[in-house]
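Below, chain A is the first sequence line, B the second, and so on; all start at residue 1.
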There are 2 protein chains.
Amino acid sequence: MCPDESIPDDVKEKAMKATFRALCKHGYADLTMKKIADESDKCKSTFHYHYDTKEKLLVNFIEFLLEGFKDRMVPDTEDPLEKLNGLIDNMLFGLADEETTESFHTALLEIRSQAPYNERYREQITENDQYIKKVVSDIIREGIEKNRFKDVNAEETATVILSAIDGARARQISTNRNATKELRSSLDWIIEDLLLE
Amino acid sequence: MCPDESIPDDVKEKAMKATFRALCKHGYADLTMKKIADESDKCKSTFHYHYDTKEKLLVNFIEFLLEGFKDRMVPDTEDPLEKLNGLIDNMLFGLADEETTESFHTALLEIRSQAPYNERYREQITENDQYIKKVVSDIIREGIEKNRFKDVNAEETATVILSAIDGARARQISTNRNATKELRSSLDWIIEDLLLE
DNA sequence: TAAACCTGACTGACCAATCAGTCAATACGT
DNA sequence: ACGTATTGACTGATTGGTCAGTCAGGTTTA
């Protein structure tokens, strides 16, 4: 069967959740179809039946992961500063408990590190990247228009903030330091100095 | 044999170069002892003879990789602004050709993404992380003392700059955009606004 | 001198375990 | 009854790692 829209929703949800759990538990390099299946109540063959190959399952998974990311990042508020700070918090600390957030970011970084070898991964990540950059630069532009922010270059400011967030997430999971917390307080000061007053 | 100092220098060099080439060519997830050996004029068993296990070889490799990184990043100049900009350039664009730099950053990101599952990887990366942060904050402090920079918090500024560099490197290799070039021009403006007058 | 011995470097053949993927048989839902 | 969903058993390929043995070069012995 082809991995298109013909997969039942309940199976798809089980597949995605199982893939997520297996990826968090074992890491991308040690991720196998058996380990994915073991995280669900289905067996290995069932996932082959629905997705054909491991790669197709994983491409579907990335899509699922980034789609969920999009939906839940932007906080529901009108004030540009609140919206910006809320988005930064969501991106650095996630929406669930600390462990789930750490696992989520680990999964994302593992997929990122595989992107150079897989164009489909790269396309998905690029699209997500451009989306979030538009969101942040729109917030900054809105702040400027409402005279809440100084008249900075919105694109460049967004680039630095988003790059720093990505970097902090990578450092958070690959070092023994609390890199996201460090960046949060550093960004507070940067935003104060660059955007406000 | 144990993977200590008893390994001949020429063998060690061949092992490290072969590991680097294999890692760049196949990615961490598909990295095997055979593929490493195939990148050298030695056979698989030889690397097992010198390093025992695949993991010990890779821990040695990370040490080798980060040591080389340390040695070559800081530019030889007295002027704080020149030194800071030179370091940023070196970290974003590397010292060799573009292809080698991209491969190097890919290898680093792959190892980073594996750090959550391997404490020895994490220790190495943490140490390297702290080293480079000290270098950057020292440069900023020096600039403040010489009245070339504004009186900012050196630690927090270094955190943002280094996080952004890490993030841009991750985006550079995992998207279809030129993220390092984008960040470089954004950082120009940030440095102008934050550090200079 | 030369034969015997030793050692570290290296190799190809081999192993059990595991991999992604296949397939015939079966269970299920309508 | 019929198509979809699911399974366990299976396959060929590949994995990290082992091992017996080869080889070059140095040291000891006769």
Side-chain angles (χ1 to χ4, degrees), chain A residues 1-62 110-111 114 117-118 120-121, chain B residues 1-62 107 110-111 114 117-121:
Chain A
M1 187 175 292
C2 302
D4 57 7
E5 301 310 320
S6 66
I7 302 167
D9 282 351
D10 60 324
V11 175
K12 190 163 188 169
E13 192 188 326
K14 280 179 179 177
M16 296 298 104
K17 287 191 173 176
T19 305
F20 182 71
R21 276 195 294 269
L23 187 59
C24 293
K25 195 181 280 184
H26 306 286
Y28 186 94
D30 293 322
L31 187 67
T32 69
M33 292 298 277
K34 184 184 187 309
K35 285 171 183 167
I36 293 172
D38 285 350
E39 294 295 326
S40 77
D41 58 356
K42 297 287 188 293
C43 84
K44 188 164 76 85
S45 305
T46 300
F47 291 118
H48 275 294
Y49 172 75
H50 288 294
Y51 291 95
D52 272 5
T53 66
K54 184 186 178 186
E55 204 219 335
K56 285 178 183 173
L57 169 62
L58 292 181
V59 169
N60 260 46
F61 173 71
I62 293 167
E110 293 185 272
I111 288 163
Q114 288 304 310
Y117 310 96
N118 190 316
R120 279 194 281 245
Y121 291 9
Chain B
M1 186 174 291
C2 303
D4 55 9
E5 301 309 320
S6 66
I7 302 168
D9 280 352
D10 60 324
V11 174
K12 190 164 189 170
E13 193 188 326
K14 279 180 181 177
M16 296 299 102
K17 287 191 173 177
T19 305
F20 182 71
R21 276 196 293 269
L23 187 58
C24 293
K25 194 181 281 184
H26 306 286
Y28 186 94
D30 292 323
L31 187 66
T32 69
M33 291 298 277
K34 184 183 185 312
K35 285 170 182 167
I36 293 173
D38 285 351
E39 293 296 326
S40 76
D41 56 358
K42 298 287 188 293
C43 82
K44 189 164 75 86
S45 305
T46 301
F47 290 118
H48 276 294
Y49 171 75
H50 288 296
Y51 291 95
D52 271 5
T53 66
K54 183 186 178 186
E55 204 220 337
K56 286 178 183 173
L57 169 62
L58 291 181
V59 169
N60 261 46
F61 173 71
I62 293 166
E110 291 185 273
I111 288 164
Q114 287 305 308
Y117 310 97
N118 191 316
E119 200 189 328
R120 279 193 280 244
Y121 291 9

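- The side chain of A/K34 lies closest to C/dC19, out of D/dT4, C/dT11, C/dC19.
- Comparing C/dG8, D/dG16, D/dA5 by their nearest atom to the side chain of B/K54 picks out D/dG16.
- With distances taken from any side-chain atom of A/M33 to the nucleotides C/dA20, D/dG16, C/dG8, the minimum falls on C/dA20.
- Distance OH (A/Y51) to P (C/dA20): 16 Å, rounded to an integer number of Å.
- Applying side chain to side chain contact (heavy atoms under 4.5 Å, CB included) to B/K54 and the options B/D52, B/L58, B/L57 leaves one that passes, B/L58.
- Close to C/dC23, at under 4.0 Å from its OP1 or OP2, lies no side-chain N or O of A/H48.
- The pair A/D10-A/K14 does not meet the salt-bridge criterion, since no charged nitrogen lies less than 4.0 angstrom from a carboxylate oxygen.
- As judged by a 4.0 angstrom heavy-atom cut-off over every strand, B/L31 is placed among residues touching the sugar-phosphate backbone only.
- A/D41 comes within 4.0 angstrom of the backbone, heavy atoms only, and of no base.
- Residue-to-nucleotide contacts include a donor-acceptor pair under 3.5 Å from the side chain of A/S45 to the base of D/dG8.
- Residue B/K42 is classed as a sugar-phosphate contact, given heavy-atom separations below 4.0 Å to backbone atoms only.
- Among the heavy atoms of the strands lying under 4.0 Å from A/T32 are primed sugar atoms or P, OP1, OP2 only; no base atom is included.
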